[in-house]
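Here is the structure we will look at.
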Amino acid sequence: AAAYNCRFDILQNLLSSYSEAASIRRQILKSGTKNEEKHKSSPEFALTILEEARGKIKYAGVKDKALKEADFNRRSDLIFAYFANAPKTELPYLPTYYRDEKDRRERLKTLIRKEAVNRTAMVGADGTSSVSDMTRLAWCWMCTSNDYAGLVADVLKGLPIDVAHFLISLENPNSEPTPNIPIMQCSAPKCAVVMKSRVSFLGRYTFNPMEPPLHKTETSIVLKAKDIGAMEKYLHIQTILSESDPDIDDYSHSCGSVYGIKKSAIEVNTFTRFCEKLGLDKSRSIGEAEALLRDFYEKDDISVMSQDEGGEINLNRIGVKKIVFDEFCKLHGIDSTGCRVVAVKFMKSRKGFELELQCREILQGNGNIVPVLNDFSLESGNEDNSPPMIYGYRYGIVMPCADRDLGDILYREGISSANLRCNARQIGETLKSLHEQGISYLDLQLKNVLRFGTQMMLSDFGS
């Protein structure tokens, strides 16, 4: 069918019945010169056979050229969707592939977006929406390789939230170990991050609608959320740490010296960019990493000692090693996928929101105050990924999620007199620090004293 330049609908019906045909090499008869008989070609894929006719198309004018090119591209993209790994040229050591053609990617991106938006016109007998096999296969191809995460982002960019949800819920007919797994569950890690970001609040927070609020008053509500904002950076770092080659992204330093960061370590700049993605203070994060490294030295940890010949604790020279990075992530509640649980406080009052930010800015660096990782304003009212329970709440801050508040600790766990004195001392020192800076807390109660590990911190500065 490809050799005889058959119509799109014929190719479509053939591939629907026998999809393997696109991935099997075929021999066809090729016409020779006037003095030669037809001869068999070397085995070729259907896409290559079709593409050989591209330069032989005859046009009757500009309009005819546009129509014929569009029709040819459509047939070519159809066969490609069924076998995206077809080689374009098979030169030794330097093969090229049809999947790398910029124009082809752009055409498929446009097709996927168009069909997804117009899916209501393609309602099946069971009342559900769908897309053509060509579009489904092209979308699944994009989503199952980290190399095309940027292309996946371009497809989802600007789409209505319901359309984005529709695309990431499409089933992949070629998924393994079983077919027809939703693409979100079988996509490549970087593509999964892109998809989650598109359907998340502010592009990074996901909420469980079945989970009750952590805290609620007349003017604010606190919800637990998963923060996926640093997942892509986390995966990138873990890839570097698992490779045998060193991280050479940022060797040069302001002093002019260059440090050779060895394997199983990342450069400090790579580490601090990850911390900034998390909303953590750069200097404090470096201090925490150095403290963790020092602890491993004191424990005579072989995996650290064996790679530091000078014996000096210097992150710029030896980098942030995997064992330190993993422990740092554990310290900040980051799981093995690069995701962490946070608390998002939504507020109705702009005044209370600004007051809270102002107080926290003055108290920045105080270890007994719950830090702010991010803040936002929804005054434009155009955030279509907002959880339904926050209607009317236009401002918010993001904080680490505590283990429990002091009230829960007292009523559910109990507390020893020694721990009670220790907690009271921490709270008293925090209040003293506030008063010294001219801030009256005015809202001291059990639910506003939060536990993070072994440390008690004050929260809620909007009063």
Side-chain angles (χ1 to χ4, degrees), residues 156-166 168-169 195-230 277-279 333 339-364 369-408 439-452 457-463:
L156 295 174
K157 186 177 180 180
L159 289 179
I161 191 63
D162 60 326
V163 177
H165 273 291
F166 168 74
I168 68 175
S169 64
M195 288 187 276
K196 287 178 182 177
S197 297
R198 179 59 191 93
V199 296
S200 301
F201 177 66
L202 300 179
R204 65 182 299 168
Y205 305 111
T206 61
F207 299 88
N208 181 355
M210 304 304 293
E211 192 161 8
L214 296 173
H215 181 62
K216 187 174 183 180
T217 66
E218 292 182 359
T219 59
S220 67
I221 182 172
V222 182
L223 302 177
K224 184 185 289 187
K226 283 190 174 181
D227 179 10
I228 63 172
K277 276 277 188 182
L278 292 169
C339 175
R340 63 174 172 174
V341 177
V342 294
V344 184
K345 179 179 179 180
F346 294 92
M347 291 173 275
K348 292 182 178 180
S349 167
R350 181 184 180 90
K351 182 179 179 181
F353 169 68
E354 292 177 344
L355 177 62
E356 180 135 5
L357 289 182
Q358 183 181 1
C359 290
R360 289 178 184 274
E361 185 176 353
I362 295 172
L363 300 169
Q364 191 173 9
I369 302 297
V370 179
V372 172
L373 305 173
N374 192 12
D375 63 84
F376 55 87
S377 171
L378 305 178
E379 289 184 326
S380 59
N382 59 356
E383 177 52 56
D384 54 0
N385 298 346
S386 302
M389 67 282 288
I390 68 155
Y391 179 77
Y393 297 88
R394 309 312 304 161
Y395 313 95
I397 59 173
V398 182
M399 304 168 287
C401 191
D403 306 333
R404 273 183 172 170
D405 64 48
L406 189 53
D408 273 345
I439 298 174
S440 298
Y441 185 62
L442 301 179
D443 197 19
L444 184 59
Q445 49 184 313
L446 296 178
K447 64 183 180 181
N448 287 336
V449 180
L450 307 179
R451 182 181 67 188
F452 294 84
M457 295 186 181
L458 279 181
S459 181
D460 195 356
F461 286 82
S463 301

Q) Would a distance-only check, ignoring hydrogens and angles, find a side-chain to backbone donor-acceptor pair under 3.5 Å from S440 to L442? A) no

Q: Spell out, as yes or no, whether a donor-acceptor pair under 3.5 Å connects the side chain of R198 to the backbone of L156.
A: yes

[atom1]/[X] to [atom2]/[Y] distance, rounded to the nearest 0.5 angstrom?
X: K348; Y: S220; atom1: NZ; atom2: OG; result: 9.5 Å
X: E354; Y: Y395; atom1: CD; atom2: OH; result: 7.5 Å
X: C401; Y: L450; atom1: SG; atom2: CG; result: 9.0 Å
X: L406; Y: M457; atom1: CG; atom2: CE; result: 14.5 Å

Residue pair [X] / [Y]: nearest heavy atoms and the distance that separates them:
X: L278; Y: A230; result: CD2-CB, 3.6 Å
X: S459; Y: M399; result: OG-SD, 4.0 Å
X: A225; Y: Y205; result: CB-CB, 4.3 Å
X: D405; Y: K447; result: CB-O, 3.7 Å
X: G352; Y: S349; result: N-OG, 3.0 Å

Q: Go through L223 and Y393 one step at a time and tell me if the side chain to side chain contact (heavy atoms under 4.5 Å, CB included) criterion holds.
A: CA-CA 12 Å; L223 302 177; Y393 297 88; over 6 Å; no

Quick check: do [X] and [Y] have side-chain heavy atoms less than 4.5 Å from each other?
X: Y441; Y: N448; value: yes
X: L202; Y: L378; value: yes
X: V199; Y: I168; value: yes
X: V370; Y: F452; value: yes
X: L373; Y: P400; value: yes
X: F166; Y: I161; value: no
X: L446; Y: D408; value: no
X: I397; Y: N374; value: no

Q. Under 6.0 Å between ring centres, would you say that holds for F201 and F346?
A. yes

Q: Tell me, with the steps shown, if D375 and F353 meet side chain to side chain contact (heavy atoms under 4.5 Å, CB included).
A: CA-CA 9 Å; D375 63 84; F353 169 68; 4.1 Å; yes

Q) Salt bridge between D227 and R340, side-chain N to carboxylate O under 4.0 Å? A) yes

Q: Go through the side-chain N and O atoms of S197 and S200 and say whether any donor and acceptor fall under 3.5 Å apart.
A: no

Q: Apply the test side chain to side chain contact (heavy atoms under 4.5 Å, CB included) to residues M347 and E356: give CA-CA distance (whole Å), side-chain angles for both, the deciding distance (0.1 Å), then the verdict.
A: CA-CA 10 Å; M347 291 173 275; E356 180 135 5; 4.0 Å; yes

Q) Got a sec, which pairs hit salt bridge (Lys or Arg N to Asp or Glu O under 4.0 Å) with one end in residues 210-223, sequence neighbours left out? A) E211-K224

